[in-house]
Q: 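Questions regarding the structure given below will be posed in turn.
The chains referred to below are lettered A, B, ... by the order of the sequence lines, with proteins before strands, and numbering in each begins at 1. Model, not experiment: these values are computed from the prediction.
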Amino acid sequence: MGDYALLYILFAPFVGALALIFVSNRQAMLVRGIAAGSAFVSLIASIYLFYAYDPVRGGFQFVQKFEWSRQLGISLYLGVDGIGTPLVLASSILLFAGIFVSWHVKDRMKEFYIWILILAAATIGVFMSLDLFFLYFFYEMSVIPMYLLLGMWGSHTKKYLEMTDAEGLKQRDSVGFIFNFGSNSKEYAAMKLVLFLSAFAVAALMGILLIYKYSGLNTFDILVLREQAHLMNIPVLGTTLDKIIWVLIFFGFASIAPLWPLHSWSPVGHAAAPAATSMLHAGVLMKLGHFSIIRVAFEILPETTHEMMPMAAVLCMFSIIYGGFVAFYAKDTKYVIGYSSSSHMGYVFLGMAALDYISLSGAVIYMFAHAMATGMLFAMAGWVYDQTHTRDIPSLGGLSNKMPFISGCFVVGCMASIGMPGTVNFIAEVMIIVGSWNKYPFQVVVAVLGIVLTLAYLFKMMRGLFYGPMDQKYSHSHDAVSAVDRLPLLIMISVSVGFGLFPMHLYNVVRSGVDPLIARITHVVPVASAPAIDSPSPSVQEQLAARGVQLQPERMTE
Amino acid sequence: MNFELNMSLSDLLLLLPEIVLTVWLCLVLIADFAFPRLPKEQLAYFSIAGLVATLGCLTWLDISNITGTLFANMYVLDRMALFFKMFIVGASILVILASIEYVQKFAFFRGEYYFLIVMSALGMMFMASANDLLSLFVTLEFSTFGFYVLVAYLRDDVASNEAGLKFFILGVFAAGLLAYGISLVYGETGKLVFSDMTSAQPTPGLIIGFLLIFAALGFKIGAVPFHSWIPDTYHGSPTPVTAFLSIAPKGAAFAILLRMFFVALASFKPMWVVLLAATSVLSMTYANIVAIAQKNIKRLLAYSGIAQIGNVLIGLAAGTKMSNDAILFYLLTYLFANIGAFAVIIAVSHAIGSEEIDDYSGLNRRSPFLAFSMLLFLLSLAGVPPLAGFIGKLYIFVAAIKEGLYTLITVGLINIVISMYYYLIVVKKMYIAEPNDPTPITISTPLKVVVYISLAGTLLIGIYPQPFIDWVVSATMMFSHIGAPASTMIPPASPFGG
């Protein structure tokens, strides 16, 4: 495999989806086999990628470039750095786990797997794109499968079917249901998700087009643009062009992250989605936002990023606290996890906003960690829903007798989500908090309060689901006993705990991606902290010297 | 003026595709009359054979790079004309294939139907070569003539009669405007050939004349505010005719618009940019908003077509060689998505006898193939990657942003989101709603072929557009001198960086 690892990772799911078109829905095992097989190829290749990535050398590795359109200056330019590598790994782990989580989908199973595979492949495509056009291409491509997955296999929120509007019509039948914000239907959730994300995606596209025009290079190549695009100090509409582009890119991509106040599509979407889709959605789709901001705004507009990022530090506090409080009061399992996700994404923004070596590495590791933790929680919420056909926490309870394995895993999932030592989330949280303390002490205090809130709502949900008295109507529900049902949870738990105990390689990989980026933005030398990176790698120094940047020693943060 | 008709055999070569098609057209009519027992299906395949032969001639001319002008510059055969001719002939082939099953609904004149389709195609082929105002008028009327009959082909259907009447009255009105505009322009300049007018001065008479010509062409392409015939005509016409009407005349009209704006009016660019920008914004915004309320799939596609034309007009407003390529490319993507969508509509309405969006409920359960195809065609129209429509839209936007048309692009981008809503409503019906009647829908072979070709085009152009981009770029070589960047909205210190 070697050099072509990225192509295997990206195209195995596409090939799987294509093969599934020609298989009949009646051959259930064959359909599952093809889906699992293509996800497995992708998984193996991304594990190889993760361990073959050389953190000492850093930079973009496994680069593949195919010219796609001469006239437009587009090429299929793939490559991963230390930031993309763990996220590619997280995506393929979640895809593989998601295939098994949705093993028991009965209705139109083939189509389900086709859309899941396309969704995951498009997500992976974003994480390895080095071309602005393809970044947007894959980004937008991941939105439409969400619509179909939510609409076709999703579920309505409680009491939806009894709801009627003033004229006695079922709300889902009214033409203007998009304006009906009280609606709880899956159609509403799906439509809201697509329109919301597309609306902000076109803002990002406008930013991309402005970069394309004002760079004057006739290329969408991120590496060329970051070296040669001169977008600073062009006065426009009373401000400067780079700020306009930055705002378009930042908010365009932050909507999927989702940063408060652009989050409202997200919990609704989580609640309506089937388990595997929620996993991919919360696990990796939301990280497309942070990743694209890092890849586009941080790489191409470093000075503007330095100037504008404090705004994110303000908004992330609202994300953390607002998401946490709503999660505490929500009564629907998926709403709790959904709001907890959007609250936790605030930590990533805090880590990014501080523009510090430690905190940004923490943010990237947190994305990886959160993918595992929230993936577990959604998988188990999905299992509970399949067994009990309700997500209403007050009406559930005492399920630990019926499903000891699930409730055991749920405890681990909650621990991971809170950031207990021993899980990779702990490392990430500590890095974010330590790294951003110097710059944003107030936000750090808020973030720590957020951890307390996380503890409160997750334990509250855990108690509501698994302990206390059980309603007799759930007595028929059973545990995950077969290997197929247990496998996805075990994979995610072992990844989370494994990297929690042995985080060094992950840390080195992430640092190798973060170092040159932060050095470009802040012009400060990283503190020698990782064994693999004793001094700024030559490439960083060369890069900065070429730009005439003076390096200053970093303040000690610890 | 002194017209000399000195034609040699090599000049006739330039007319070869038209001659082939004219002869074939007569053969189709003769065959229909001489063999009344002949199944009309075979007449359809016979017409297709003629169109394929014409396509072969066009391809040969394109490959051997034969170009030139005829009849004192009235008729031009360049690579752009060849592109549009192939476009029109290709569309006609697909439409005839899609009609075969539908034609059985007609009580009378089944044979003439194919004759009329091919005749309209022939008229539009001439239109793609029109190089002066007279040939513009003659070819435009020639091509519309067949449509007047075709639109009203369902004699017993009130909607079809209404469609025919509306189309006829407004079409004749547009022809009147066109003739008046031509007379004004000729009166002011004393010239008819586009390339002779480049040095004309912008006198009021000339401006009014060109505005009238633009109104007539705007009627053909269905841009707001000349669009009022479109929804009713699309709704009432036989569906294959709607498919034909929604794509081929637009291609032919854009051939003329490109020649007119890029050759005759090249020096007036600052004036027509505003005109086109206004038309474009109105078309996109109005059509997309009205489309949301549609209950009939053909009306929905009618409004969507108006909005698509608004997108193409962004490219026309940019007015460079690159935007010219983008227009051709966009029309190509629109051809496949649109004809494919109409083919699905024909198949579905043949099975369920309805064109209401509500009756598409649960199409995914009744025919996964049709639902999936429709999904891809609609998403291509909406501009979702990796489908052709996305590349088409992006190409237009890239061409326009190089000219600094920020407002137009912003409106275009916002309209993508609006249009996504009503396309997704159809998707919601097809995929999410449950069917009222779960019987599977079968689809006839010729229609299947049309859907397959359209799917292949939509996916191929979306995933690997380079050969198609090369094609359109070489097709507009004669405009390569146009396009000095003229940024007006944002006066930058230096637009091309440090």
Q: For the residue pair B:Phe390 and A:Phe133, is the inter-centroid distance of their aromatic rings smaller than 6.0 Å?
A: yes
Q: Verify, without hydrogens or angle tests, whether A:Trp68 (side chain) and B:Pro465 (backbone) share a donor-acceptor contact under 3.5 angstrom.
A: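 Absent.
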Q: Counting only N and O atoms by type, is there a donor-acceptor contact under 3.5 Å from the side chain of B:Tyr421 to the main-chain atoms of A:Leu195?
A: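 It does not hold such a pair.
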Q: Just by distance, with hydrogens left out, do A:Glu67 and B:Gln466 show a side-chain donor and acceptor under 3.5 Å apart?
A: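 The criterion, which ignores hydrogens and geometry beyond distance, is not satisfied for B:Gln466 and A:Glu67.
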Q: Quick one: of A:Tyr212, A:Tyr139, A:Tyr136, who has the most non-hydrogen atom pairs under 4.5 Å with chain B?
A: A:Tyr212
Q: To the nearest 0.5 Å, what is the distance between CZ (A:Phe137) and CD1 (B:Ile463)?
A: 7.0 Å
Q: Any idea which of B:Ile414, B:Leu394, B:Val427, B:Ile418 has the most non-hydrogen atom pairs under 4.5 angstrom with chain A?
A: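 Among the listed options, the one with the most contacts to chain A is B:Leu394.
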Q: Test B:Thr410 against A:Val202 for side-chain contact (heavy atoms from CB on, under 4.5 Å), laying out the working first.
A: CA-CA 9 Å; B:Thr410 310; A:Val202 296; over 6 Å; no
Q: So A:Met141 and B:Val384, do their side chains get closer than 4.5 Å, heavy atoms only?
A: no
Q: Measure distances from A:Leu209 to the heavy atoms of chain B and classify the residue's part below 4.5 Å as side chain, backbone, both or neither.
A: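 Contact with chain B involves both backbone and side-chain atoms of A:Leu209.
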Q: Working note: A:Val194 + B:Met420, criterion side-chain contact (heavy atoms from CB on, under 4.5 Å); need CA distance, chi angles, decisive distance, verdict.
A: CA-CA 8 Å; A:Val194 171; B:Met420 217 169 238; 4.0 Å; yes
Q: Begin from the C-alpha positions of A:Ile21 and B:Phe369 and carry the test side-chain contact (heavy atoms from CB on, under 4.5 Å) through to its verdict.
A: CA-CA 10 Å; A:Ile21 292 177; B:Phe369 170 67; over 6 Å; no
Q: When rounded to the nearest 0.5 angstrom, what distance separates CD1 in B:Ile469 from CG in A:Leu72?
A: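 Those atoms lie 4.5 Å apart.
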Q: Is it the side chain or the backbone of A:Arg108 that comes within 4.5 Å of chain B heavy atoms, both, or neither?
A: side chain
Q: How long is the gap from CG on A:Leu148 to CZ on B:Phe372, to the nearest 0.5 Å?
A: 10.0 Å
Q: Based on non-hydrogen pairs under 4.5 Å, which of B:Ile391, B:Ile416, B:Leu387, B:Asp325 is most in contact with chain A?
A: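 With the most close heavy-atom pairs to chain A, the winner is B:Ile391.
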Q: Is A:Phe220 in contact with chain B via its backbone, its side chain, both, or neither, using a 4.5 Å heavy-atom distance?
A: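 Only the side chain of A:Phe220 comes within 4.5 Å of chain B.
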Q: Between chain B and each of A:Glu111, A:Glu140, A:Gln71, count heavy-atom pairs under 4.5 Å; write down the option with the most.
A: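 Result: the option with the highest number of such pairs is A:Gln71.
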Q: For the CZ atom of B:Phe468 and the OG atom of A:Ser69, what is their distance to the nearest 0.5 Å?
A: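 Answer for the CZ-OG pair, B:Phe468 versus A:Ser69, is 13.0 Å.
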Q: As an exercise, state the distance from CG of B:Leu424 to CE of A:Met191, rounded to the nearest 0.5 Å.
A: 5.0 Å
Q: Heavy-atom distances under 4.5 Å only: say whether A:Asn25 touches chain B with side chain, backbone, both or neither.
A: neither
Q: Rounded to the nearest 0.5 Å, how far does CZ of B:Phe397 lie from NZ of A:Lys213?
A: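 Spacing of NZ (A:Lys213) from CZ (B:Phe397) equals 15.5 Å.
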